Amino acid sequence: LGDDDTINFVGESDSQLTKGIAALLINGLSGCTNEEIQAVDPSFIQAAGIAQSLTPGRNNGFLNMLKMMKGQAAKLAERDESSGGGGGAASDAMSEAAR
């Protein structure tokens, strides 16, 4: 959690496709606050045409990654609030890519 309450994600995968999906989410959500991350509507993958390019299993993995990242952001923000807030903790939320 940064000084400005923004969250940064990192993640990896052995699969090239999953690595790309994770990179899309990591790049899109890193630098956002918990509130901004929670406001992301999962249906954006339909509007962006991403869902049509993925198998149902990969689409489900994409949605699960987003859900997990939202959960990690909420936990990190909650932990920061309970410790007095203000950011400054040099923590990154780790995103584990679904395979």
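Keep in mind that this is a model prediction, so the values were computed, not measured. We count residues from 1, following the sequence as given.
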- Note on the structure: Across all chains, not counting sequence neighbours, the side-chain contact (heavy atoms from CB on, under 4.5 Å) partners of Ala74 are Asn34, Gln38

- Task: Nearest 0.5 Å please: distance from the CE atom of Met65 over to the CG atom of Leu25.
- Result: 6.5 Å

- Message: Could you check whether any side-chain heavy atom of Ile45 comes within less than 4.5 Å of a side-chain heavy atom of Leu66, counting everything from C-beta outward?
- Response: no

- Item | Thr18 OG1 to Arg58 CZ distance, which is reported to the nearest 0.5 Å | 3.5 Å

- What distance do Asn59 atom CG and Gln46 atom CD have between them, rounded to the nearest 0.5 Å? 6.5 Å

- Task: Return the minimal non-hydrogen interatomic distance between Phe44 and Ile50, and the atom names on each side.
- Result: CE1-CD1, 4.5 Å

- Task: Could you tell me whether the side chain of Ser30 and the main chain of Asn27 form a donor-acceptor pair under 3.5 Å?
- Result: no

- Query: Looking at CG of Asp80 and CD1 of Ile7, how far apart are the two atoms once the value is rounded to the nearest 0.5 Å?
  - Reply: 9.0 Å

- When rounded to the nearest 0.5 angstrom, what is the spacing between SG in Cys32 and CG in Asn8? 9.5 Å

- Item | Flag side-chain contact, heavy atom, 4.5 Å: Val40 against Lys70 | yes

- Note on the structure: Residues at least two apart in sequence or cross-chain that pass side-chain contact (heavy atoms from CB on, under 4.5 Å) with Glu35, listed by chain then number, are Thr33

